Amino acid sequence: MKSGPDVFSIEDLRRENVAGWDGVRNYQARNFMRAMRKGDLAFFYHSNTEPPAIAGLMEIIQEAHPDPTSEESGWDQVKVKFVKAFPRPLSLDDIKRIPSLRTMVLLRHSRLSVQPITPSEWKCLIKILGK
DNA sequence: GCCAACGTTGGC
DNA sequence: GCCAACGTTGGC
């Protein structure tokens with residue numbers, strides 16, 4: 001799940017502990033949020049920053065429900081809880097260099113703000129980042 | 001700040 | 001239903 005750190009960062013989430021992942025206004029991204037289940041883990045990716053990187057880990061604590069910041073209906077948010085901030089974030093540049101991560105949606109559809117990760121990608125990322 | 005990629009809108 | 005125009009995202 002991506003967010004520009006000037007808008008909302010992993011440190012903001014650490015401070016708030018729990019937050020609604022609001023503002024998603026893209027159907028594909030929304031549908032991926034709807035597929036999330038309570039207890040799922042998600043990476044927090046810092047976009048629009050230097051360097052863009054996977055910065056933290058969070059847990060889905062409430063499944064998709066209407067986004068209170070949306071004036072039209074049909075847009076959802078999930079609630080996320082801080083799990084950890086990685087002491088050494090994994091930059092986009094690093095990700096591009098790791099052969100088993102070449103399949104990541106991140107590299108193919110760079111604009112999609114909520115995206116799925118395959119089990120093997122997940123294992124690889126956790127191994128590098130530490131859990 | 002630029003621009004490629006890509007989603008959305010609206011005229012036809 | 002097509003497609004041009006336009007807006008947004010996000011890497012660089």
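Here the structure is a predicted model, which is why all the values come from computation and not from measurement. So that the names make sense, note that chain A is the first sequence line, chain B the second, and so on, each numbered from 1.
Computed from coordinates, the A/Asp93 CG to C/dC12 P distance equals 7 Å when rounded to whole Å. One atom, CG of A/Leu107, and another, P of B/dC6, lie 13 Å apart when rounded to the nearest Å. A straight line from NE2 of A/His46 to C1' of C/dC12 spans 19 Å, rounded to a whole angstrom.
In the displayed structure, A/Arg37 atom CZ is contacted under 6.0 Å by more than 12 heavy atoms of other residues, nucleotides or ligands.
Looking at A/Leu90 and A/Ile95, their side chains come closer than 4.5 Å, going by heavy atoms from C-beta outward.
With rounding to the nearest 0.5 angstrom, the CE atom of A/Met36 is 7.0 Å from the CE atom of A/Met33.
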Taking N or O atoms only and anything under 3.5 Å, show me the protein contacts with nucleotides 8-10 of chain B, one pair per line.
none

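Within residues 1-12 of chain A, no residue has any heavy atom closer than 4.0 Å to DNA chain B.
Using cut-offs of 30° and 60° on the angle between ring planes, the pair A/Trp21 and A/Phe44 is perpendicular.
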Could you walk me through whether A/Gln77 and A/His65 pass the side-chain contact (heavy atoms from CB on, under 4.5 Å) check?
CA-CA 6 Å; A/Gln77 67 168 14; A/His65 56 282; 2.9 Å; yes
Stepwise side-chain contact (heavy atoms from CB on, under 4.5 Å) check, A/Ile60 with A/Val80:
CA-CA 5 Å; A/Ile60 309 305; A/Val80 298; 3.9 Å; yes
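In this structure A/Arg14 satisfies the salt bridge (charged side-chain N to carboxylate O under 4.0 Å, His left out) test together with A/Glu11, sequence neighbours excluded.
You'll find that the side chain of A/Arg111 is closest to B/dG7, out of C/dG11, C/dC12, B/dG7.
One finds no salt bridge joining A/Lys96 and A/Asp93 here, because no Lys/Arg side-chain nitrogen approaches an Asp/Glu carboxylate oxygen to under 4.0 Å.
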